[in-house]
Amino acid sequence: MWVLVFFDLPTETKKDRKQYALFRKRVLADGFQMFQFSMYIRHCSSRENADVHLKRIKSILPPKGHVGIMCVTDKQFGMMEIFRGHDLVNGPETIQQLELF
């Protein structure tokens with residue numbers, strides 16, 4: 001499962017820019033990677049694991065701006081087509097989880 005976080009935060013004042021930078025830094029610290037500007041993604045091995053990261057993001061929400069959080073399955077994420085200009089490119093690789101028996 002993939003967790004997507006996308007946001008549009010104000011940057012007019014110095015305080016707004018500080019809040020933006022702090023939120024972005026915390027999202028990165030939680031293991032997300034930038035997919036596009038203001039859109040970050042993270043692979044989770046299960047719904048329970050995704051819920052942990054959803055709670056973390058909700059706990060660090062900035063006071064202003066818009067933040068969207070969405071969960072999609074590996075299959076849904078894999079059906080996404082990504083283009084750079086007119087060229088189709090590969091999406092991010094799914095991280096393989098080690099299973100112990």
Side-chain angles (χ1 to χ4, degrees):
M1 157 162 290
W2 290 84
V3 179
L4 291 73
V5 176
F6 23 89
F7 52 91
D8 186 17
L9 303 178
T11 56
E12 286 87 35
T13 66
K14 187 174 183 177
K15 184 177 179 182
D16 288 342
R17 287 188 295 276
K18 186 173 182 174
Q19 290 291 329
Y20 171 90
L22 181 62
F23 180 70
R24 182 181 178 279
K25 185 177 181 178
R26 288 178 173 169
V27 168
L28 290 169
D30 193 34
F32 285 80
Q33 62 185 27
M34 187 169 66
F35 184 73
Q36 291 183 340
F37 292 119
S38 298
M39 182 179 177
Y40 291 76
I41 59 174
R42 185 185 204 293
H43 185 263
C44 295
S45 57
S46 66
R47 179 64 199 192
E48 292 77 21
N49 183 246
D51 287 341
V52 168
H53 296 287
L54 290 171
K55 280 184 178 180
R56 283 189 192 150
I57 295 299
K58 290 176 183 178
S59 73
I60 62 169
L61 290 173
K64 295 193 262 181
H66 296 96
V67 178
I69 306 169
M70 181 170 51
C71 293
V72 297
T73 65
D74 285 333
K75 184 174 182 177
Q76 291 168 325
F77 192 82
M79 291 188 298
M80 178 174 34
E81 293 182 308
I82 303 169
F83 293 88
R84 287 213 171 86
H86 292 281
D87 300 325
L88 182 64
V89 295
N90 294 330
E93 294 294 321
T94 301
I95 300 166
Q96 296 298 320
Q97 173 118 4
L98 179 62
E99 293 184 27
L100 300 174
F101 297 95

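- Contact detail for M1 and D74: the closest heavy-atom pair is N-OD1, 3.3 Å.
- Cluster annotation: I41 is connected to I82 through the hydrophobic network of ILVMFWY side chains, with a link wherever side-chain heavy atoms come within less than 4.5 Å.
- Below 30°, between 30° and 60°, or above 60°: for H43 and W2 the angle between ring planes is above 60°, a perpendicular geometry.
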In a table with atom names and distances, give each donor-acceptor pair under 3.5 Å that connects a side chain of residues 55-73 to protein atoms at least two apart or in another chain.
residue: R56; atom: NH1; partner: D30; partner atom: OD1; Å: 2.6
residue: S59; atom: OG; partner: R56; partner atom: O; Å: 2.7
residue: K64; atom: NZ; partner: D16; partner atom: OD1; Å: 3.1
residue: T73; atom: OG1; partner: Q76; partner atom: N; Å: 3.1
residue: T73; atom: OG1; partner: Q76; partner atom: OE1; Å: 3.3

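- Ring geometry for F7 versus Y40: interplanar angle under 30°, hence parallel rather than tilted (30 to 60°).
- Atom CZ of residue R24 and atom CZ of residue F37 lie 9.0 Å apart, to the nearest 0.5 angstrom.
- For R26, the side-chain hydrogen bond (donor to acceptor under 3.5 Å, both in side chains) criterion is met by no residue, not counting sequence neighbours.
- Cluster membership check: V27 does not share its hydrophobic cluster with V52, using side-chain heavy-atom separations under 4.5 Å among Ile, Leu, Val, Met, Phe, Trp and Tyr.
- For F83, the side chain to side chain contact (heavy atoms under 4.5 Å, CB included) partners two or more places apart in sequence, or in a different chain, are E81, L88.
- Here the CG atom belonging to D8 is positioned 9.5 Å from the OH atom belonging to Y20, to the nearest 0.5 angstrom.
- M79 and M39 fall into different hydrophobic clusters, where Ile, Leu, Val, Met, Phe, Trp and Tyr side chains are chained together by heavy-atom contacts under 4.5 Å.
- For the pair F35/L4, no side-chain contact is recorded, criterion being any heavy-atom separation below 4.5 Å from C-beta on.
- No continuous path of hydrophobic side-chain contacts links F6 to V3 [ILVMFWY only; heavy atoms under 4.5 Å].
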